[in-house]
Amino acid sequence: MSSLDQDQHLHPSCRDKTTVSSDSSDTCELAKPPLQGLKLASHAVLEKAQERGRLKCSKCGGSRMFFCYTCCSLLGVSLEEIPLIKLPVKIDIIKHPNETDGKSTAIHAKILAPSDVTIYTYPCIPDYEKEKVVLVFPGLEAVSVHEMMQCLRDMSDGRSHGFSDEPCTKRLKSDEVQGATHTAEDPKSGTPDETKGLESRLYPLQRVVFIDSTWNQTNKISTDERLQDLLRVELKTRKTCFWRRQKGKPDTYLATIEAIYYFLKDLHEHYLAQEYSGEYDNLLFFYSYLHSVVNKAKTDAGKC
């Protein structure tokens, strides 16, 4: 499979400034713990599809396994056989134009949460309302997910009162809103009242932006003036499970699908006042399966 034998890129949305991997060649033991205990749909459908082998995409003609990363369509797997996830916020992914589609894990999010995820190819970037949108990307002014909502509220209040733009002051503890959320396998599920309640708990956040690129190519997108006014959020404590990390980079540089997953998990725990129970684990449906296949191959080859 092309997604197994090519180096996928890592998303730099998580950087712990005090923790750097001492051995960038470590590829097996590092990846195992974070993927344990996930509440995932059965991988049996992927196992059967892998046994059948690659199929030709009817749209672009490419030889693919599971899905066509160019056309964003399933191959050898039906829509009814994979989990579909409803996300609490909309996700925009800005993809670098020079990145090979087959190396990106962003496509996983689009296939598994089709109604909530949009992929744009740079320089295409939507116009954003800065007090309603955050960019998950490290930086000097980046805040944690825990601090994020209060910063957005401060920005929104400042705009409504005509205040000048000021950097957000980091809070030790953000205001948590009480209430429960719903989970759904079907993106269309959820009553109007549930949706309204979810929106009120996450107000004013409406959309989250991720950059899909290698670390060396992120600067062009992250410094684009259309993203400069967005509040930056940094995932400070997560480590990648990716099976081929970039040489010399810390293990806190996440793959795009990991960054989306961990952000949503933190969002759920901090702002929905409910213990996380695997609501977004299936975002790692494809990723966790590929991870297990790659590790097995390395073990069989005596590389682990």
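Starting from 1, each residue takes its place in the sequence as its number.
Ring geometry for Phe210 versus Phe263: interplanar angle over 60°, hence perpendicular rather than tilted (30 to 60°). His108 and Phe286 have tilted rings, their planes meeting at an angle from 30° to 60° on a 0 to 90° scale.
With sequence neighbours excluded, the residues that form a side-chain contact (heavy atoms from CB on, under 4.5 Å) with Gln228 are Thr223, Arg232. For Tyr203, the side-chain contact (heavy atoms from CB on, under 4.5 Å) test picks out Ser156, with sequence neighbours left out. Taking Asp281 as the reference, Tyr261, Tyr276 meet the side-chain hydrogen bond (donor to acceptor under 3.5 Å, both in side chains) condition, with sequence neighbours excluded. For Lys95, the side-chain contact (heavy atoms from CB on, under 4.5 Å) partners at least two apart in sequence or on another chain are Glu99, Asp101, Ile119, Asp212. Remark: Ser73 engages Cys57, Lys59, Cys68, Cys71 in a side-chain contact (heavy atoms from CB on, under 4.5 Å) (not counting sequence neighbours). Taking Asp224 as the reference, Tyr122, Arg226 meet the side-chain hydrogen bond (donor to acceptor under 3.5 Å, both in side chains) condition, with sequence neighbours excluded.
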Inset, instruction - May I have the step-by-step check of side-chain hydrogen bond (donor to acceptor under 3.5 Å, both in side chains) for Ser144 and Glu234, ending in yes or no? - result: CA-CA 5 Å; Ser144 67; Glu234 183 173 357; over 6 Å; no
Inset, instruction - List the steps and the verdict of side-chain hydrogen bond (donor to acceptor under 3.5 Å, both in side chains) for Tyr289 and Gln50. - result: CA-CA 11 Å; Tyr289 180 72; Gln50 186 180 9; 2.4 Å; yes
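Taking every heavy atom of both residues into account, Ala49 and Val77 meet most closely at CB-CG2, 3.9 Å. Here the closest non-hydrogen pair linking Ala106 and Ile93 is CB-CD1, 3.7 Å. Closest non-hydrogen pair, Arg64 versus Leu75, comes out as CB-CD1, 3.3 Å.
Thr118 places none of its side-chain heavy atoms less than 4.5 Å from the side chain of Ile91. With a 4.5 Å cut-off on side-chain heavy atoms, His268 and Gln274 count as touching.
Taking the ring centre of Tyr271 as origin, the terminal cationic atom of Arg201 falls outside the region bounded by 6.0 Å and 45° from the ring axis.
Taking hydrophobic clusters as Ile, Leu, Val, Met, Phe, Trp and Tyr residues chained together by side-chain heavy-atom distances below 4.5 Å, Leu40 shares a cluster with Leu74.
Interatomic distance, CD1 of Ile211 versus CD of Gln217, reported as 12.0 Å (0.5 Å rounding). One distance of note links OH of Tyr280 with CG of Leu38; it measures 15.0 Å at 0.5 Å rounding.
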